[in-house]
Number of protein chains: 2
Amino acid sequence: MRTSDIPEIRSLRLFESMSESAFDSLMQAAYLQTFPAQLELIREGDPADFLYVLTDGCVEMFARTNQRETTMGMVHPVGTFILAAVLKDAVNLMSARTVQKSKLLLIPSANVRAAFERDEAFARAIVEELAGCYRGVVKDQKNLKLRSSVERLANRLLRFHQDQGASGSLDLPYDKRTLASLLGMTPENLSRAFNTLKPYGVEVDGATVHLSDVDSLARLAKPDALIDELAT
Amino acid sequence: MRTSDIPEIRSLRLFESMSESAFDSLMQAAYLQTFPAQLELIREGDPADFLYVLTDGCVEMFARTNQRETTMGMVHPVGTFILAAVLKDAVNLMSARTVQKSKLLLIPSANVRAAFERDEAFARAIVEELAGCYRGVVKDQKNLKLRSSVERLANRLLRFHQDQGASGSLDLPYDKRTLASLLGMTPENLSRAFNTLKPYGVEVDGATVHLSDVDSLARLAKPDALIDELAT
DNA sequence: GTCAAGGCTTGATAATTATCAAGGAGCAAG
DNA sequence: CTTGCTCCTTGATAATTATCAAGCCTTGAC
């Protein structure tokens, strides 16, 4: 792979503490590749041949069963996906597709497992990462089971707003259709949920959302540190 | 702790491959205790002081926010809980309470983390366990987002039936109220969902359910290996 | 036995969410 | 500038799920 991308990857929490030699051998086995938008990278049910590291672009994790489909999560740079399947040498539980043109590093699963065996610091980092992923899904599930769709949208808007600097407006980082599926609702209902939030100072203009009364929105959303905060 | 329970715990996948000395020191720091039914063992938001190992009884994992409550999962012997929070030295994301009188081993978090640092085999087992937990929650989430409540019930009945020997009938292992919450529905709707399944050969008699037409039920449920099978 | 309590069910109704059909707005290609 | 496309929105309606209010049945205490 090209050496110019290595520092970026090395700085990922998953890789930063591993030994130089283990990191090098991982990188030597890896492929850096650019994929066009809307390309299905992995399909649920297939064996997890690679650990994916997204360095540029955006990837949607989704799942299907019985002709229905739902978005399970979005991956942003720099992020990894299907770590659990790689470690267990199992099939993928989720599919993944690029949202935009995306640059990805593909590390063969066998090499990841070998590095895990050899390098203790890497093993520790993997546990940290996995535990974080686990807690992420648990939060998602609490979000789904304990909140209505309007509340989920309100909290998601507050999070976007926060992440983007709390300037009073925010940009939706992907399609409304995708956002709807991520929030567990139909596109039609997302539209209506935005209307429901108008009295709370939410004004939609294409992919931009203005929040004119964050406090009122927060009173409706009732954000919960154990669901909405990334850190915990 | 009492030595009579050690073999049972040692045989857990999480502990079976760790070194004798690391296991011994973990066990010496641990407490084995029996708790009455309906006791809240841990509360979400509190620091994860112990790793819990259930050796007898049954524990419900649940979560609350904003006066609403939902069951996140059930733990059966021999099983562990809040491993992720222990490893991250973080607060619990879920609460736990005993369903029946239950026997639990409490291992102080610090000792678990120390053993993880010291014993490589334990570290590997932890990764395996964590990855399994992660994949479990992902499956739960797919179940929730891709199926209706009747389909969730149908699939859960099929799973109970399978687990209990596929004899044509099964026993619900906990309250219907709890089952309803686990499936993401109200008790009233669980009752109605059972009625909806009558034409598919589902007959309820208290906590016992007879399945007179498993094929027909399975055609409705459309079980999916990537959601319903434990192994994958 | 009677009684009370808890768990479950049922019915009536309401709220939430989905589906179907149509139409508008923005955008890229020609 | 027009055309066609995709994405989003809206309205009408239907399906699903929740809530509220009884009521029933079992269980255990007395």
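Sequence lines set the chain letters: A, B, ... in the order given, protein chains first and strands last, and positions in each chain run from 1.
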Which nucleotide, D/dT19, C/dT19, D/dT9, lies nearest any side-chain atom of B/T186? D/dT19

Tell me whether the rings of A/F81 and A/Y52 are parallel (<30°), tilted (30 to 60°) or perpendicular (>60°). parallel

Find the distance B/F194:CZ to C/dT10:P and express it as a whole number of Å. 12 Å

C/dT17 OP1/OP2 closer than 4.0 Å to side-chain N/O of A/N189: no

Walk me through it: do A/E60 and A/T178 pass the test side chain to side chain donor-acceptor pair (under 3.5 Å)? CA-CA 9 Å; A/E60 176 188 1; A/T178 307; 4.6 Å; no

Measure CD/B/Q67 against C1'/D/dT19 and give the value in whole Å, please. 16 Å

Distance, rounded to the nearest Å, where A/K198 contributes NZ and D/dT10 contributes C1': 11 Å

Quick one, B/L104 and B/V53 - any side-chain contact, counting heavy atoms below 4.5 Å? no

Over how many whole Å does the gap from B/R147 atom CZ to D/dT16 atom C1' extend? 17 Å

Shortest side-chain distance from A/S149, nucleotide among C/dC8, D/dC7, C/dT17: C/dT17

note: A/M185, atom CE; D/dA15, atom P; distance rounded to Å ~ 21 Å

Report which part of the nucleic acid B/R192 touches: base, sugar-phosphate, or nothing (heavy-atom distance under 4.0 Å, all strands). base

Can you find a side chain N or O atom of A/N195 that sits less than 4.0 Å from OP1 or OP2 on D/dT9? no

So which atom in B/S109 and which in B/F50 form the shortest heavy-atom distance, rounded to 0.1 Å? OG-N, 3.3 Å

Let me know the distance between CG of A/L153 and C1' of C/dT16, rounded to the nearest Å. 15 Å

Between A/D140 and B/K145, is the closest basic N to carboxylate O distance under 4.0 Å? no

Grab the CZ-P distance between B/R177 and D/dT26 for me, whole Å please. 19 Å

Are any of A/S191's side-chain N or O atoms less than 4.0 Å away from OP1 or OP2 of D/dC8? no

Which nucleotide in the set D/dC8, C/dT9, C/dA21 lies at the smallest distance from any side-chain heavy atom of A/E188? C/dA21

Atom-to-atom span, CG of A/L190 to P of C/dA18 - whole angstrom: 11 Å

